[in-house]
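Fair warning: this is a prediction, and the values are worked out from it, not measured in the lab. In the text below, chain A, chain B and the rest are named by the order of the sequence lines, each starting its count at 1.
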Amino acid sequence: DGGITQSPKYLFRKEGQNVTLSCEQNLNHDAMYWYRQDPGQGLRLIYYSQIVNDFQKGDIAEGYSVSREKKESFPLTVTSAQKNPTAFYLCASSDRGWEQYFGPGTRLTVT
Amino acid sequence: AQSVSQHNHHVILSEAASLELGCNYSYGGTVNLFWYVQYPGQHLQLLLKYFSGDPLVKGIKGFEAEFIKSKFSFNLRKPSVQWSDTAEYFCAVTYNTDKLIFGTGTRLQVFP
């Protein structure tokens, strides 16, 4: 059963702590993406990776970091430097230039 | 800057009404256009897409969209909505890259 998994579904952290969100895909897609979704703002691109061991900043990369050591995995770390980290985070993958497939998302709450 | 505009933020309709959601993009070059839908509690999923060819594209669940290059538009339509169409709808565009640029979304509520 091919798809994208994100875990956990809900995540709670205290301010000042780094937190890592998981994203795994078994679609054999080269490209993977992280978005942040906030009410009334749509989806904004945080980071993306077109190939293993390479990634680029998106529009709102400050306070986030990623790694792409394996084709199927693209974890996102929300660092303590991110000023407003509470949001819904979506991971996606695509077969280079075609439609993106999305995971179920992780809702992060930082208090 | 490249951007996508969705002017309808919240649309409320009765069942069987016709739907048209606006989408305009900012750049006049080669584009690929998408409409995604997010049903309550579900994954974001693709409704339809335009890459080339016939500018009128048909998607799932009776939706269609028309690419009008002269107007930089890709409006989504459905002749008769159902309660199950209640969702948030996102227009998105790529400009010859892998980066999708999303609009801010339109929340559609359909009442029986």
- Query: Checking heavy atoms, do the side chain of B:Q38, its backbone, both or neither come under 4.5 Å from chain A?
  - Reply: side chain
- Mind checking the CZ-OG1 spacing from A:R44 to B:T104? Nearest 0.5 Å is all I need. 11.5 Å
- Engaged part of B:L100 at the chain A interface, taking heavy atoms whose separation is under 4.5 Å: both
- Item | Closest contact, heavy atoms only, A:Y48 versus B:K99 | OH-CD, 3.4 Å
- Message: Does B:Y50, at its OH atom, have more than 12 non-hydrogen atoms belonging to other residues, nucleotides or ligands within less than 6.0 Å?
- Response: yes
- Item | Closest-packed option against chain B by number of heavy-atom pairs under 4.5 Å, given A:G40, A:G103, A:G105 | A:G103
- In one Ile/Leu/Val/Met/Phe/Trp/Tyr side-chain cluster, 4.5 Å: B:I68, B:L47: no
- Item | Atom of B:F90, atom of A:Q37 and distance for their closest heavy-atom approach | CZ-NE2, 3.4 Å
- Task: Sort B:Q6 into side chain, backbone, both or neither according to what part of it lies under 4.5 angstrom from a heavy atom of chain A.
- Result: neither
- Query: For the residue pair A:F102 and B:H43, what are the closest heavy atoms and their distance?
  - Reply: O-ND1, 3.3 Å
- Message: Taking A:V78 as the starting point, is it possible to reach A:W34 by hopping between hydrophobic residues whose side chains are less than 4.5 Å apart?
- Response: yes
- Item | Heavy-atom proximity to chain B below 4.5 Å, by part of A:L43 | both
- Item | Verify same cluster id: A:L76, B:F102 (apolar side-chain graph, 4.5 Å) | no
- Message: Would a single hydrophobic cluster contain both B:W83 and B:I60, if residues Ile, Leu, Val, Met, Phe, Trp and Tyr are joined by side-chain heavy-atom contacts under 4.5 Å?
- Response: no
- Message: So for A:Q100, is it side chain, backbone, both, or neither that comes closer than 4.5 Å to the heavy atoms of chain B?
- Response: both
- Item | Hydrophobic cluster identity match, B:V37 and B:V110, side-chain contacts under 4.5 Å | yes
- Query: Which bit of A:D38 comes within less than 4.5 Å of chain B, counting heavy atoms only: side chain, backbone, both or neither?
  - Reply: neither
